[in-house]
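This report refers to the structure that appears directly beneath it.
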Amino acid sequence: MKQFPDPVDLKVLDLLQEEFPLIPSPWDALGGRLGLPGSEVLSRVRDLQSRGIIRSISPILETGKIGLRYSTLVAMQVPACDIPRVVTIINEYPQVSHNYQREHDYNVWFTLSTRDEDECVRLVGEIIAKTGLPDEKVLNLVTLDRYKVDVRFRFDGDEQHG
């Protein structure tokens, strides 16, 4: 029986956090770095996904460099029975990058990034209006300063990764 995740899986996990080549055959490129066929890398990734170890593979974008220079974090107090409806409304907006539930008085949170302040104010107001929540049940925490935190998990113990 296979030990899970095995040392090769751990190397795959490390490499996926470093880069994902945007080329027609990314699995072959990653396999080349690991000394594996691309098909094996893809198979391992699918296996890791099926076991819930990999939730998603997605880019981390520097929003300012793609023209999204204004962002906010919005917290809402939503009655538990209304959370699915409110979350559906929030998820209609492609400007929302995170939408999650917390165990707190403010139990639904989302981030929104736009080109400018006017668009952000308009969209937040539109979302609040669609939810029907009173203003006092919403906190709009506009970004004042940005701090980038690079979180990566090291799995293979290789010192050269830092």
Side-chain angles (χ1 to χ4, degrees), residues 1-76 78 83-104 106-116 119-120 123-124 126-127 130-131 140-143 145-162:
M1 181 173 201
K2 178 183 173 189
Q3 174 191 5
F4 190 80
D6 69 19
V8 176
D9 291 332
L10 298 178
K11 289 183 184 299
V12 169
L13 290 169
D14 276 342
L15 186 57
L16 287 174
Q17 292 180 90
E18 293 298 322
E19 65 179 63
F20 190 88
L22 298 176
I23 59 175
S25 302
W27 304 112
D28 290 337
L30 292 171
R33 296 219 18 220
L34 296 167
L36 300 170
S39 59
E40 182 177 341
V41 175
L42 179 57
S43 175
R44 286 177 176 271
V45 168
R46 286 181 173 154
D47 190 40
L48 291 164
Q49 284 180 307
S50 73
R51 295 170 188 264
I53 292 175
I54 293 177
R55 186 174 52 192
S56 67
I57 297 174
S58 61
I60 299 172
L61 302 175
E62 177 55 53
T63 55
K65 291 186 177 183
I66 59 171
L68 300 174
R69 303 193 188 292
Y70 201 84
S71 61
T72 190
L73 171 66
V74 178
M76 298 176 143
V78 181
I83 288 174
R85 183 188 68 80
V86 169
V87 167
T88 298
I89 291 168
I90 294 167
N91 288 343
E92 292 173 359
Y93 291 82
Q95 296 87 351
V96 172
S97 60
H98 298 80
N99 182 7
Y100 50 97
Q101 184 177 352
R102 285 188 166 168
E103 290 185 27
H104 188 269
Y106 289 92
N107 53 356
V108 173
W109 294 68
F110 67 91
T111 59
L112 186 137
S113 298
T114 60
R115 290 171 289 190
D116 56 45
E119 182 182 19
C120 191
L123 292 177
V124 169
E126 189 176 295
I127 291 170
K130 284 183 176 180
T131 66
N140 184 6
L141 307 166
V142 175
T143 301
D145 293 304
R146 291 180 188 265
Y147 300 94
K148 288 293 180 186
V149 178
D150 184 8
V151 177
R152 297 174 196 223
F153 302 97
R154 293 291 155 235
F155 298 104
D156 71 359
D158 187 345
E159 293 293 325
Q160 67 179 336
H161 289 299

Which residues satisfy the salt bridge (Lys or Arg N to Asp or Glu O under 4.0 Å) test with [X], sequence neighbours excluded?
X	answer
R69	none
E103	none
R46	none

- Can you run down the salt bridge (Lys or Arg N to Asp or Glu O under 4.0 Å) pairs that involve residues 19-34, sequence neighbours left out, and say none if there aren't any?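 Passing the test, one end in residues 19-34: E19-R33.
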- Item | Any pair counted as salt bridge (Lys or Arg N to Asp or Glu O under 4.0 Å), so long as it reaches residues 56-67, sequence neighbours left out |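 Qualifying pairs: E62-K148.
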Can you tell me if [X] has over 12 outside heavy atoms packed within less than 6.0 Å of its [atom1]?
X	atom1	answer
Y100	OH	yes
R146	CZ	yes
R152	CZ	yes
L22	CG	no

- For the residue pair Y106 and W109, categorise the inter-ring angle as parallel (less than 30°), tilted (30 to 60°) or perpendicular (more than 60°). perpendicular
- S113 meets the side-chain contact (heavy atoms from CB on, under 4.5 Å) criterion, sequence neighbours left out, with T63, L68, S71
- Exercise: identify the closest heavy-atom pair between C120 and L112: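 So the two residues come closest at SG-CD2, 3.8 Å.
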- What pair of heavy atoms forms the shortest contact from L34 to V12, and how long is it? CD1-CG2, 3.7 Å
Who pairs with [X] by side chain to side chain donor-acceptor pair (under 3.5 Å), at least two apart in sequence or on another chain?
X	value
H104	none
Q17	none
Q101	none
S39	none

Quick check: does any side chain N or O of [X] sit under 3.5 Å from a backbone N or O of [Y], one acting as donor and the other as acceptor?
X	Y	result
D9	D6	yes
S43	E40	no
T72	N140	no
T114	D116	yes

- Message: Show every ring-ring contact (aromatic ring centres under 6.0 Å, His included) that has at least one partner inside residues 41-75, sequence neighbours left out.
- Response: none
- Task: Given side-chain contact (heavy atoms from CB on, under 4.5 Å), test Q95 with I127 step by step and report yes or no.
- Result: CA-CA 11 Å; Q95 296 87 351; I127 291 170; over 6 Å; no
Rounded to the nearest 0.5 Å, how far does [atom2] of [Y] lie from [atom1] of [X]?
X	Y	atom1	atom2	result
Q49	L42	CD	CG	8.5 Å
F110	I90	CZ	CD1	5.0 Å
L36	L30	CG	CG	10.0 Å

- Message: Does any part of the side chain of L73, heavy atoms only, come nearer than 4.5 Å to the side chain of T143, both counted from C-beta?
- Response: no
- Considering only heavy atoms from C-beta outward, does the side chain of L13 approach that of I54 to under 4.5 Å? yes
- Message: Do the side chains of R85 and E92 get close enough for a salt bridge, i.e. N-O under 4.0 angstrom?
- Response: no
- Message: Just to verify, what does F20 make a ring-ring contact (aromatic ring centres under 6.0 Å, His included) with, not counting sequence neighbours?
- Response: W27
